[in-house]
Structure formats: structure tokens, C-alpha cells
Amino acid sequence: MKKILVINGPNINLLGIREKDIYGKCDFASLCAYIKKEAAKLELKVEIVQSNHEGEIVDAIQKAYGVYDGIVINPAALTHYSIAVLDALKAVNIPAIEVHLSNIHAREEFRHKSVTASGCIGQICGLGFVGYALALKALAGYKAE
Ligand code: DQA
């Protein structure tokens, strides 16, 4: 059974409260329940973490080394500036998929650039919760070349 770590960055814990027109009405607990349900269907073991602190996100990525077979990461705002998160993803070299609930390319200019995506095998954005399920599905079938 593959083990996948799902990492959520700053303010993802405020889903259901923050900018509902962009992120929807469902809260973080319902996102976690959805991820667990989808992981079970794919026969994946999943752990979910969320932190508002860059260093804790880096720690979570580092601790995944040798433990997890894949990472799904929504780095949230860190996406747009965190070279530390990028370096951590590259350092552990675990297949990672970046997910964004919103379509970052259809929003403010500063959200169009992801500095973390180049440390990932792919990026999914704009599909809400479904993006996490698609990322899990991709990792379930992923084999390194
Ligand atoms: C986000 C998009 C980011 O630009 C933003 O800072 C977030 C959430 C998303 O899931 O759409 O916090 O990562």
C-alpha cells in the first residue's frame, strides 16, 4: 500500500470562512474527510498535515523522506515565494504534485508564478477539492522512470 502525505500551507485551515466566492463553503475538516475517502478508494494510506508556518512545512517535507511514496502539496501563499519549500521538495526527491483549489492563473498576476511547482512532477489548479483526488490518483499509478 502506497503512503501519501498531503500537506496544506497557510490559511487552508480557514476554508469555509475565507473568501468563500473563491474557495467555496466547505471547511477544512470536510476537505480532510474527502481526501481520506478518495485515498481509501485508491487503496492509499494517507496522512494530512496543515501549517501556517513555512519552517513547519519544510520540516514535514523533510520528515517524509524514506517514509512516504508521494506528496500532495498545496503550499498556498508559499507557492509564490518559498524557495525553502522548493529546495525541500527537491532534496527529498519524493514524487510530489502541487494542488491549488483556485485557478491561480485566472487571479492576480502575483499568483501566476509558482516557485514550488518545479520541485513537483505536476500541478493541478482550479478544480477545488477534486484536484486533491486527481493528484492522489496520479500518485497511485506513478512509477519513476
Ligand atoms: C491557493 C492559491 C494561493 O494563491 C493562495 O495563496 C492560497 C490558496 C489555492 O489553493 O487556490 O492560500 O493555494
(request) Find out whether Val115 and Thr79 are in side-chain contact, i.e. whether some heavy atom of one side chain is under 4.5 Å from a heavy atom of the other. (result) no
(request) Flag yes if Val92 and Ile4 sit in one hydrophobic cluster, no otherwise; membership is Ile, Leu, Val, Met, Phe, Trp, Tyr, and two members link when side-chain heavy atoms are under 4.5 Å apart. (result) no
(message) Is there a side-chain hydrogen bond (donor to acceptor under 3.5 Å, both in side chains) between Gln50 and Asn52? Walk through the geometry before answering.
(response) CA-CA 7 Å; Gln50 188 278 329; Asn52 295 321; 3.0 Å; yes
(message) Side chains of Leu31 and Asn8, heavy atoms from C-beta outward: is any pair under 4.5 Å?
(response) yes
(message) Please check if the number of heavy atoms outside Glu54 that lie under 6.0 Å from its CD is greater than 12.
(response) yes
(request) Could you state whether Val85 and Tyr68 fall into the same hydrophobic cluster, counting links through intermediate Ile, Leu, Val, Met, Phe, Trp or Tyr residues with side-chain heavy atoms under 4.5 angstrom apart? (result) yes
(message) Quick check on Ile83: does its CD1 atom have over 12 non-hydrogen neighbours (other residues, nucleotides or ligands) under 6.0 Å away?
(response) no
(request) Would you kindly confirm whether Val130 and Val46 end up in one hydrophobic cluster when ILVMFWY residues are joined by side chain heavy atoms under 4.5 Å apart? (result) yes
(message) Glu56: which residues meet the side chain to side chain donor-acceptor pair (under 3.5 Å) condition with it, sequence neighbours left out?
(response) Ser51
(message) Within the structure provided, determine whether Ile7 and Ile57 are in side-chain contact (heavy-atom separation under 4.5 Å).
(response) yes
(request) Taking the side chain as every heavy atom from C-beta outward, state whether Ile97 and Cys120 have any pair of such atoms under 4.5 Å apart. (result) no
(request) Starting from the C-alpha separation in whole Å, work towards a yes-or-no answer on side chain to side chain contact (heavy atoms under 4.5 Å, CB included) for Ile104 and Gln123. (result) CA-CA 11 Å; Ile104 55 173; Gln123 185 199 55; 3.7 Å; yes
(message) As an exercise, state the distance from CG of Leu15 to OG of Ser30, rounded to the nearest 0.5 Å.
(response) 7.5 Å
(message) I need the full list of ring-ring contact (aromatic ring centres under 6.0 Å, His included) pairs touching residues 101-143, with sequence neighbours left out, sorted by first then second residue.
(response) Tyr34-Phe129
(request) Specify the closest pair of heavy atoms between Arg111 and His80, including all atoms of both residues, with the distance to one decimal. (result) O-CE1, 3.3 Å
(request) Side-chain contact test, heavy atoms from C-beta onward, threshold under 4.5 Å: evaluate it for Ile48 versus Lys36 and give yes or no. (result) yes
(message) Is there a path of hydrophobic side-chain contacts, each under 4.5 Å between heavy atoms of I/L/V/M/F/W/Y residues, joining Tyr23 to Ile73?
(response) no
(message) Quick check: closest heavy atoms across Ala64 and Ile71, and the distance to 0.1 Å?
(response) CB-CD1, 4.2 Å
(request) Count the heavy atoms belonging to other residues, nucleotides or ligands that lie under 6.0 Å from NZ of Lys2, then report whether that count exceeds 12. (result) yes
(request) Supply the atom-to-atom distance Asn74 CG to Asn11 CG, rounded to the nearest 0.5 angstrom. (result) 10.5 Å
(message) I need the Arg107 CZ to Cys125 SG distance, nearest 0.5 Å.
(response) 10.5 Å
(request) Determine whether Lys3 and Val67 make a side-chain contact, defined as any pair of heavy atoms from C-beta on separated by less than 4.5 Å. (result) yes
(message) Surrounding CD of Glu108 (heavy atoms of other residues, nucleotides or ligands, distance under 6.0 Å), is the total greater than 12?
(response) yes
(request) Tell me whether Tyr65 is reachable from Leu89 by hopping between hydrophobic residues (I, L, V, M, F, W, Y) whose side-chain heavy atoms are closer than 4.5 Å. (result) yes
(message) Pair His100, Leu127 - check side chain to side chain contact (heavy atoms under 4.5 Å, CB included), show working.
(response) CA-CA 8 Å; His100 299 284; Leu127 304 178; over 6 Å; no
(request) Apply side chain to side chain contact (heavy atoms under 4.5 Å, CB included) to the pair Gln62 and Val58, showing each step before the final yes or no. (result) CA-CA 6 Å; Gln62 289 189 4; Val58 171; 3.7 Å; yes
(message) Testing the basics here: between Gly9 and Ala76, what is the closest heavy-atom pair and its distance to 0.1 Å?
(response) C-CB, 3.9 Å
(message) Can you give me the closest heavy-atom contact between Ser82 and Thr116, atom names plus distance?
(response) O-CG2, 3.7 Å
(message) With heavy-atom distances below 4.5 Å as the criterion, would you say the side chains of Ile61 and Ile94 are in contact?
(response) no
(request) Compare all side-chain heavy atoms of Leu5 with those of Val49 and state whether any distance is below 4.5 angstrom. (result) yes
(message) Quick check: closest heavy atoms across Val99 and Gly131, and the distance to 0.1 Å?
(response) CG2-O, 3.7 Å
(message) Quick check for you: to the nearest 0.5 Å, what is the distance between His53 atom NE2 and Asp59 atom CG?
(response) 11.5 Å
(request) Might you point out which heavy atoms bring Glu98 and Ser114 nearest each other, and give the distance in Å? (result) OE2-OG, 2.9 Å
